[in-house]
Amino acid sequence: MVRKIDRDHTRFREIVRGRIKRDLKRFVSSGEMIGKQGGRYVSIPIPQINLPRFRFGKNEKGGVGQGEGEPGDAVDGEQQPGPGQAGEDEGKHSIEVEVGLDELAQILGEELGLPRIEPKGSKQLETEGGSWRGIRRVGPESLRHFKRTYTEALKRQIAAGLYDPDNPAIIPIKNDRRYKSRKEITKPQANAVIVYMMDVSGSMGREQKEIVRIEAFWLDTWLRSQYDNLEVVYIVHDAVAHVVDQHTFFHLRESGGTKISSAYELCLRVIRDRYPPEEWNIYPFHFSDGDNWSTRDTEHCVQLLSNEILPASNQFSYGQVKSAYGSGQFKKDLDAALPDEPKLVTSDILDREGILASIQTFLQKGR
Amino acid sequence: MMLPSTNTSLPPELQRYHAEIKELAKGYGLDTYETVFEMVDHDEMNMIAAYGGFPTRYPHWRFGMDYEQLSKSYTYGLSKIYELVINNDPCYAYLMRANSTTDQKLVMAHVYGHCDFFKNNYWFSKTNRKMMDVMANHGTRIRAYMDRHGVGVVEDFIDRVHALDNLIDPHSPFIERRAQPKAQTEETYEEPRIRAKDYMDRYINPPEVLAAERKKREEAAVQARRFPPEPTRDVLLFLQQFAPLERWQQDVIAMLRDESYYFVPQMMTKIMNEGWAVYWHSKLMCEHLVEPSEIVTYCDHHSGTLATQPGRVNPYKLGVELFRDIEDRWNRGKFGLAWQNLDIDERRSFDAGLGLGREKIFEVRRDHNDVTFIDNFLCEEFAEAQNLYVYGFNQRTGQYEILDRDWTKVKQQLLWSLTNFGQPRIAIVDANYRNRGELYLFHDWNGVDLQFEQAKLTMRSLFELWSRPVHVETREEGEGRLMSFDGSDFEVQEMTNSADAAQVVGFAPQA
């Protein structure tokens with residue numbers, strides 16, 4: 001029996017997919033489910049349709065909270081402003097549960113329809129001992145499996161009509177014999193390294209960095225679920241590039257010019273020194289607002305990419321975060337210079353809403 | 001009402017607890033309709049919750065959307081619904097099959113709190129207590145319209161009405177409308193002149209006073225021609241009565257309006273209702289029902305319900321704490337002018353041993369809604385004890401920050417967010433604007449702008465129902481704006497002096 005809710009649900013899915021009621025499609029947003037992960041909140045995308053209404057806009061006042069803290073302290077959990085929307089559903093109690101990173105990755109994978117990644121390099125097969133779980137027809141007598149041998153004999157005797165319940169003598173013959181055997185377990189072990197590069201020149205503001213941070217969190221989460229061993233390298237650049245730690249990566253604010261090739265050169269050096277491409281799955285991600293020092297430098301970047309970085313990597317991803325100052329030229333140049341390069345993926349991130357689409361673009365090839 | 005192919009009756013053990021809880025509740029003076037519990041599994045629970053508690057509701061994709069969200073958060077372990085209770089006679093409540101017995105007892109006791117509140121709180125006094133049946137009838141009627149006019153057509157219409165279903169007047173069920181005064185026959189108007197000699201006339205009958213009188217009369221005449229005669233916030237009712245719609249469309253608006261009004265009291269009393277239910281589950285559980293072996297589970301789940309998160313007020317917590325505070329204050333006689341005039345230290349330790357607490361909280365649950373509840377009972381000591389604060393967005397640091405712990409500000413902010421459920425107050429002031437049958441709405445701006453992009457789209461929905469141009473007067477950062485939509489173009493004009501605002505401020509209709 002088709003339940004009522006299934007009909008309504010199907011209809012909703014069809015609207016989301018744009019099959020029916022096209023005019024509603026533009027109201028589909030990647031709504032959020034808030035999950036808690038190790039004390040911080042992450043949002044899990046699910047599609048929602050919000051019909052327009054008269055509502056309050058951006059300069060909505062704050063709200064009332066309860067808890068410790070001095071005036072001036074930050075209020076966490078800002079995703080949930082105010083008690084205004086009490087909701088109409090009476091007495092729905094919910095409790096919140098922490099979600100593990102694995103589950104988060106799984107949720108992300110399901111929501112965005114991401115393919116699992118085929119790690120490259122079949123030689124990273126590692127043998128991890130074995131166990132006595134196999135059965136064979138031949139073997140040394142010391143490994144004879146008595147129970148299985150007698151079961152076989154019993155089956156044969158019954159089938160041949162030789163079994164006498166009053167005198168249940170079971171005598172195995174050679175064909176009945178079964179021996180334990182060792183089964184080797186092979187487990188593919190794949191290593192991966194993410195190289196994050198970010199433009200920290202003056203034009204990348206707080207919001208742009210926040211977008212990169214959120215996007216990097218999800219990329220990490222997904223790739224971590226695909227590889228046993230994931231290492232992360234952070235590189236910041238303006239006119240020169242440095243390897244930094246995670247905190248510095250997301251909080252550093254430099255000013256000055258932008259020379260993207262500096263980051264690519266450093267990335268290449270890191271790969272050569274520490275992560276030989278035969279053994280590692282390499283994922284460079286580069287985020288910037290699309291401004292580069294000069295066209296000459298952009299040409300140099302393209303050279304570096306096509307000759308050295310791309311052959312070494314599984315995929316090179318370039319995310320262009322929109323900023324008020326950035327020209328957004330670099331993505332155009334890359335796309336124009338390397339139009340048919342399957343390992344190069346570029347994406348535009350206009351605002352926070354665009355993060356999911358961008359993650360989808362980066363990961364949907366399953367490299 | 002029964003769900004197909006599932007046995008929803010309570011198992012014998014829970015039936016025994018139900019009987020016990022019912023007796024206990026009665027013993028404390030809780031007064032409820034007959035309460036019916038049904039056992040459902042998580043999927044059924046999500047489904048019923050998606051329909052707002054009414055499994056027989058009309059078909060609409062929005063319920064499918066809610067269902068997906070609930071199912072997913074359940075599957076991913078983000079949240080689960082413990083319990084769902086419906087304001088109806090009999091009162092229906094759903095229990096989740098997978099819950100432990102401790103939880104079921106807690107939920108049943110909690111439900112009895114809600115049922116008492118539904119039955120006795122004044123703001124619920126006008127709700128339809130046969131809503132289960134009404135919703136089912138709505139479902140049948142809308143399905144019939146879908147058969148006759150097509151699913152898409154009816155659904156599109158419902159979507160449009162949904163965009164407007166916050167444009168109702170929450171107090172409307174309580175207003176007793178007087179009959180419209182009879183049309184007065186026009187009388188010839190004579191200027192109220194006092195006889196005077198020619199040379200005195202300018203002083204006895206000053207022309208400027210007479211001119212002012214005349215103007216007043218003319219304005220009154222304009223007012224008499226107004227349509228609607230008074231500004232109305234019940235936009236749905238107005239459209240249902242006066243928009244050029246088909247019969248079935250009027251019926252759909254009427255049904256959706258009924259459903260909106262049904263949910264209004266629950267939105268008006270969220271904090272009180274939950275606080276009251278928590279008060280009673282905790283009393284019944286702690287004093288009667290919890291076995292020693294269950295105490296840890298109970299405490300865990302009870303404190304989960306009352307947990308606070310930064311930047312949010314938990315209605316369960318705020319409600320129950322305020323009820324307990326009221327009980328304590330009236331037990332000790334901490335109210336009235338004499339008490340108020342004490343300084344804060346004396347106030348804290350004051351105890352006249354009156355013992356009026358229990359009586360007082362029953363009275364409060366009868367008379368108040370969230371706004372009056374907070375307004376009357378949230379006091380300085382309470383705000384301090386509960387660690388309440390006001391927060392706001394700091395442009396400079398780009399984050400939400402604690403602004404103040406001053407209790408008057410906390411109270412003001414809370415009241416602000418509860419007033420009209422945090423929705424903008426909008427009324428129709430003129431349905432014959434510019435004498436061309438255009439619809440003119442007025443937004444009672446109170447410091448917060450409308451979301452203009454959404455307002456634009458909502459005006460499109462309004463236009464599609466009214467089929468004449470629609471105007472909304474509002475403000476942007478304090479500056480007057482008139483938004484107009486004529487069916488194809490949308491424009492925003494600056495308004496230096498509002499044509500109507502002056503007459504309209506405080507537009508709540510007079511009883």
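So you know, we letter chains A, B, ... as the sequences are listed, proteins then strands, and number each from 1. Quick caveat, the model's predicted, so the values are computed rather than measured.
Contact of Glu155(B) with chain A is made through backbone and side chain together, with heavy-atom distances under 4.5 Å. Proximity to chain B (any heavy atom under 4.5 Å) is shown, for Glu210(A), by neither the backbone nor the side chain. Contacts of Asp156(B) with chain A are made by both backbone and side-chain atoms, with heavy-atom separations under 4.5 Å. If you measure heavy-atom distances from Ile86(B) to chain A, you find no contacts under 4.5 Å at all. Proximity to chain A (any heavy atom under 4.5 Å) is shown, for Ile271(B), by neither the backbone nor the side chain. The contact between Pro59(B) and chain A is made by backbone and side chain atoms together, counting heavy-atom distances below 4.5 Å. Neither the backbone nor the side chain of Arg7(A) comes within contact range of chain B; no heavy atoms are under 4.5 Å apart. Both the backbone and the side chain of His162(B) come within less than 4.5 Å of a heavy atom in chain A.
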Side chain to side chain contact (heavy atoms under 4.5 Å, CB included), that's the test. Do Met65(B) and Ile49(A) meet it? Break it down for me. CA-CA 8 Å; Met65(B) 174 175 83; Ile49(A) 301 173; 4.1 Å; yes
Could you walk me through whether Asn387(B) and Glu68(A) pass side-chain hydrogen bond (donor to acceptor under 3.5 Å, both in side chains), step by step? CA-CA 7 Å; Asn387(B) 262 334; Glu68(A) 301 297 324; 3.1 Å; yes
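Heavy-atom pairs under 4.5 Å with chain A were tallied for Val390(B), Val410(B), Asp159(B); the largest tally goes to Asp159(B). Between chain A and the residues Thr419(B), Asn87(B), Val264(B), Thr308(B), the largest count of heavy-atom pairs under 4.5 Å involves Thr308(B). Contacts with chain A were tallied for Val472(B), Asn166(B), Leu403(B); Asn166(B) has the most, counting heavy-atom pairs under 4.5 Å.
We find that Asp8(A) and Arg62(B) are not joined by a salt bridge, their nearest charged nitrogen and carboxylate oxygen being 4.0 Å or further apart.
Legend: residues meeting side chain to side chain contact (heavy atoms under 4.5 Å, CB included) with Asp406(B), ordered by chain and number and at least two apart, are Asp404(B), Thr408(B), Lys409(B). Applying the ring pair (Phe, Tyr, Trp, His ring centres under 6.0 Å) criterion to Phe54(A), with sequence neighbours excluded, gives no partner residue.
For the pair Arg53(A) and Gln454(B), the tightest heavy-atom approach, listed with the atom from each and the gap, is N-OE1, 3.3 Å. Taking every heavy atom of both residues into account, Ala163(B) and Pro52(A) meet most closely at CB-O, 3.2 Å. For the pair Phe12(A) and Trp61(B), the tightest heavy-atom approach, listed with the atom from each and the gap, is CB-O, 3.7 Å. Counting all heavy atoms, side chain and backbone alike, Arg3(A) lies closest to Tyr67(B) at NH2-OH, 3.2 Å.
Side-chain contact between Val64(A) and Tyr391(B): absent, with no pair of heavy atoms (C-beta onward) separated by less than 4.5 Å. Residues Val151(B) and Arg11(A) form a side-chain contact, since some pair of their non-hydrogen atoms from C-beta on lies under 4.5 Å apart.
Side chain of Lys4(A) to backbone of Pro55(B): a donor-acceptor contact under 3.5 angstrom is found. Judged by distance alone, the side chain of Gln66(A) and the main-chain N or O of Gln386(B) form a donor-acceptor pair under 3.5 Å.
For Glu14(A), the CD atom sits in a packed shell: over 12 heavy atoms of surrounding residues, nucleotides or ligands are nearer than 6.0 Å.
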